Amino acid sequence: MDFDDAVLHLVKQIPMGRVTTYGALAKALGKPKAARAVGGALNKNPDPVRVPCHRVVRSDGSVGGYVLGAERKIELLDSEHILVKNRKIRSLKDFLFKDFKPMD
DNA sequence: TCATTGGCTATCA
DNA sequence: CTGATAGCCAATG
């Protein structure tokens with residue numbers, strides 16, 4: 001199990017209408033400072049079907065980046081009733097999903 | 001093993 | 001609020 005696989009595993013369990021941050025994922029992995037590594041993992045595994053990477057945003061509420069384009073990411077978020085304003089999530093903390101399972 | 005890179009985060013001006 | 005800086009982590013070559 002590589003680090004990126006663990007990240008994908010967590011992102012995969014994000015339910016519809018929910019979001020999370022790279023830092024939250026890193027923290028769930030036991031490395032609260034590995035936010036960058038998390039992002040790198042998602043970037044290395046572009047799998048928008050199995051892994052809803054578009055539901056992962058930055059801690060400050062900005063959507064951050066996206067392999068398919070930040071604009072595309074925003075569109076997806078907006079399609080999941082997650083309100084985005086000028087590339088920034090409004091109530092990120094309201095949709096923030098952090099009930100991750102440390103897998104097995 | 002070292003250097004680079006990447007979808008980050010926190011702090012300061 | 002925007003921009004710059006420094007820190008931190010993992011994958012790759």
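We name chains A, B, ... by the order of the sequence lines, and we start the count at 1 in each one. Predicted model only: the values in this text are computed from it and were never measured.
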If the sugar-phosphate is the primed atoms plus P, OP1 and OP2 and the base is the rest, what is the B/S/- string for nucleotides 8-13 of chain C, using protein heavy atoms under 4.0 Å? BBSSS-
Rounding to an integer number of angstrom, what distance separates dT1(B) and dG13(C) when you compare their C1' atoms? 12 Å
dC8(C) and dG6(B): how far apart are their C1' atoms, nearest whole angstrom? 13 Å
CG (L42(A)) and CG (L25(A)) are apart, to the nearest 0.5 Å, by 7.0 Å
Kindly compute the distance separating NE2 (H54(A)) from OG (S79(A)), expressed to the nearest 0.5 Å. 8.5 Å
Base, sugar-phosphate, or nothing: which does V56(A) touch, judged by heavy atoms less than 4.0 Å apart? base
Check every strand shown and say whether G40(A) touches a base, only sugar-phosphate, or nothing at a heavy-atom separation below 4.0 Å. nothing
Let me know the distance between [atom1] of [X] and [atom2] of [N], rounded to the nearest Å.
| X | N | atom1 | atom2 | value |
| --- | --- | --- | --- | --- |
| R58(A) | dC1(C) | CZ | P | 14 Å |
| L10(A) | dG7(B) | CG | C1' | 16 Å |
| D60(A) | dA10(B) | CG | P | 9 Å |

Go ahead and write out DNA chain B as dot-bracket, 5' to 3': ( ) for pairs within the strand, [ ] for ones crossing earlier pairs, | when the partner sits on another strand, dots for unpaired; Watson-Crick or G-U wobble, both distances under 3.5 Å. .|||||.||||||
Please check if the number of heavy atoms outside K98(A) that lie under 6.0 Å from its NZ is greater than 12. no
Would a distance-only check, ignoring hydrogens and angles, find a side-chain to backbone donor-acceptor pair under 3.5 Å from [X] to [Y]?
| X | Y | answer |
| --- | --- | --- |
| Q13(A) | H9(A) | yes |
| R55(A) | I14(A) | yes |
| S62(A) | R58(A) | no |

Which pairs count as side-chain hydrogen bond (donor to acceptor under 3.5 Å, both in side chains) when at least one residue sits in residues 16-35 of chain A, sequence neighbours excluded? Y22(A)-K73(A)
Do you know which two heavy atoms are closest between A26(A) and A35(A), and how far apart they sit? CB-N, 3.6 Å
Compute the centroid of each ring, for H81(A) and then for F95(A), and state whether the two points are separated by less than 6.0 Å. yes
Please tell me which of the listed nucleotides, dA10(B), dG7(B), dC8(B), lies nearest to the side chain of S59(A)? dA10(B)
Is it the case that dG7(B) (base atoms only) and Y22(A) (side chain only) share a donor and an acceptor within less than 3.5 Å, ignoring hydrogens and angles? yes
